[in-house]
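All residue numbers refer to positions in the sequence shown, counting from 1. Note that the structure is predicted; figures quoted are calculated from it, not measured.
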Amino acid sequence: MIRLEEILETKRSEIAQLKQHTPISVLLERIKHSHSPRNFYDALRKGNPAIIAEIKRASPSQGVLTEDFDHKTIAREYEQGGAAALSVLTDRKFFQGDPSFIAEVREVSTLPVLRKDFILDEYQIFESRAIQADAVLLIVRALEQPILERLHTLALSLGLAVLVEVHDERDIDTANEMQAELIGINNRNLSDYSVSLEHSLRLREKVHANAIVISESGIRNDSDLVQLAKAGFHGVLIGESLMRSENRIASLKSLVRN
């Protein structure tokens, strides 16, 4: 089973290579000529709860989710189905994603786009803005607190929304201390990859009152959404069940609540 630390070690090596290939000065020049980010926060205030629909071909726990993968077609389907925002996996090795997917998805959809990756370095924040992401993911478990806070501040300064992902009470304490505006509770256990919606329901009350709160992973049907809405979640992130669906538009329409 692939562990988080293995993924992070691979990512550190990738970052070092990227810095050699494309220096930050090049990214800064691209940012000057890029579009302004779309408002990710506002999108999440429009649902009950709002749905962030995820585009990913594979995952370490489930392998390949769909052989018939076209990120642009999927983005169009998600928007037609009523998603509030998109999440796009850009990790190549473990999720079979690519950073180029961000701009390509943004061209065919009006929805704001979250870059889903393992962000460990300031370089990736500049890269995210340069590839036209509207939001980035920062995983508390993957970062020491000073680095987490520095990346969070940098992303906000560039106009990016930041989804701060937590897995337990200690992570939530860190996110609360930062007064993170957008906090995602991941229902997946990083040790064995098991998923439980009860994780979100148990931890929700520990998040500070002013946060937009998202439940991530394991949401499969309308009853799950009803539970989460009653518990005070503003949004959910749904990936694998939508990726495996034979009719993504219909699947999303059955979940969207106004």
Side-chain angles (χ1 to χ4, degrees), residues 31 34-57 65-66 68-91 95 97-117 119 125 127-138 155-156 158-165 181-184 186 211-217 219-220 222 225 228-229 233-245 247-258:
I31 290 170
S34 66
H35 299 292
S36 298
R38 296 167 182 164
N39 195 317
F40 197 81
Y41 300 123
D42 278 356
L44 299 182
R45 295 187 176 100
K46 296 176 181 176
N48 182 34
I51 296 176
I52 306 170
E54 189 156 87
I55 299 172
K56 62 178 176 182
R57 181 172 184 176
L65 300 173
T66 177
D68 184 22
F69 180 84
D70 182 331
H71 52 289
K72 291 187 283 188
T73 296
I74 294 168
R76 292 189 193 99
E77 291 173 343
Y78 283 167
E79 183 160 11
Q80 289 176 51
L86 303 175
S87 169
V88 179
L89 267 295
T90 60
D91 175 80
F95 290 86
D98 195 281
S100 65
F101 289 175
I102 298 288
E104 291 170 356
V105 160
R106 214 171 178 274
E107 284 179 0
V108 300
S109 171
T110 64
L111 301 179
V113 181
L114 167 72
R115 182 190 185 182
K116 190 91 172 286
D117 209 318
I119 293 182
I125 301 293
E127 180 190 42
S128 298
R129 182 69 179 81
I131 63 175
Q132 299 184 51
D134 303 301
V136 292
L137 176 77
L138 294 180
L156 295 179
L158 293 174
L160 296 167
V162 182
L163 175 58
V164 177
E165 182 176 283
E181 185 173 354
L182 179 59
I183 296 177
N186 196 321
I212 299 169
V213 192
I214 307 298
S215 180
E216 306 174 33
S217 300
I219 297 100
R220 301 188 179 280
D222 186 63
L225 267 68
L228 292 167
F233 282 86
H234 303 90
V236 297
L237 189 149
I238 307 177
E240 290 174 8
S241 63
L242 287 176
M243 287 303 306
R244 294 183 187 279
S245 174
N247 188 330
R248 297 186 184 97
I249 298 173
S251 294
L252 257 175
K253 284 184 175 180
S254 72
L255 294 173
V256 172
R257 302 170 56 80
N258 297 313

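To the nearest 0.5 Å, atoms CG (Leu86) and CG (Leu114) are separated by 9.5 Å. From Leu137, atom CG reaches atom CG of Leu89 across 9.5 Å, with rounding to the nearest 0.5 Å. The distance from the CG atom of Leu44 to the CD1 atom of Ile214 is 4.5 Å, given to the nearest 0.5 Å. Going from atom CG of Leu65 over to atom CZ of Phe95 covers 9.5 Å, rounded to the nearest 0.5 Å. Expressed to the nearest 0.5 Å, how far CD of Glu216 lies from CD1 of Ile52 amounts to 7.5 Å. Of the inter-residue distances, the one linking Ile238 atom CD1 with Ile51 atom CD1 reads 4.5 Å to the nearest 0.5 angstrom.
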Practice task
Check step by step if side chain to side chain contact (heavy atoms under 4.5 Å, CB included) holds for Arg38 and Arg106.
Solution key: CA-CA 10 Å; Arg38 296 167 182 164; Arg106 214 171 178 274; 3.3 Å; yes

Handout entry: Residue pair Glu181, Leu156: steps toward the side chain to side chain contact (heavy atoms under 4.5 Å, CB included) verdict
Key = CA-CA 11 Å; Glu181 185 173 354; Leu156 295 179; 5.9 Å; no

Exercise for the section: Evaluate side chain to side chain contact (heavy atoms under 4.5 Å, CB included) for Thr73 paired with Arg76, printing each intermediate quantity in order. Expected result: CA-CA 5 Å; Thr73 296; Arg76 292 189 193 99; 3.9 Å; yes

Problem - Derivation and outcome, side chain to side chain contact (heavy atoms under 4.5 Å, CB included), residues His71 and Val88 - result: CA-CA 9 Å; His71 52 289; Val88 179; 5.9 Å; no

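Between Ile219 and Leu237, the closest heavy-atom pair is CD1-O, 3.8 Å. The shortest heavy-atom contact between Ile131 and Pro99 is CD1-O, 3.7 Å. When every heavy atom of Ala85 is checked against every heavy atom of Phe40, the shortest pair comes out as CB-CE1, 3.6 Å. Here the shortest heavy-atom pairing between Ser128 and Leu160 reads CB-CD1, 4.4 Å. Between Ala53 and Leu252 the shortest heavy-atom distance is CB-CD1, 4.4 Å. Closest approach of Arg129 to Pro37, counting heavy atoms only: NH2-CD, 3.5 Å.
A donor-acceptor contact closer than 3.5 angstrom is absent between the side chains of Arg220 and Ser241.
Between the side chain of Ser245 and the main chain of Leu242, no donor-acceptor pair closer than 3.5 Å is present. Proximity of a side-chain donor or acceptor of Asp91 to a complementary backbone N or O of Asp117 within less than 3.5 Å is not detected. Of the possible polar contacts, one joining the Asn39 side chain to the Tyr41 backbone as a donor-acceptor pair under 3.5 Å is found. Remark: the backbone N or O of Ala133 is not paired with any side-chain donor or acceptor of Arg115 at under 3.5 angstrom.
Within the 4.5 Å cutoff, the side chain of Ser254 has no heavy atoms near those of the Asp222 side chain. Counting only heavy atoms from C-beta outward, the side chains of Lys116 and Glu54 approach each other to under 4.5 Å.
Judged as a salt bridge (charged side-chain N to carboxylate O under 4.0 Å, His left out), the pairs with a partner in residues 77-87 (not counting sequence neighbours) are, in order, Glu77-Arg248.
The aromatic rings of Phe101 and Phe69 sit tilted, their planes meeting at an angle between 30° and 60°.
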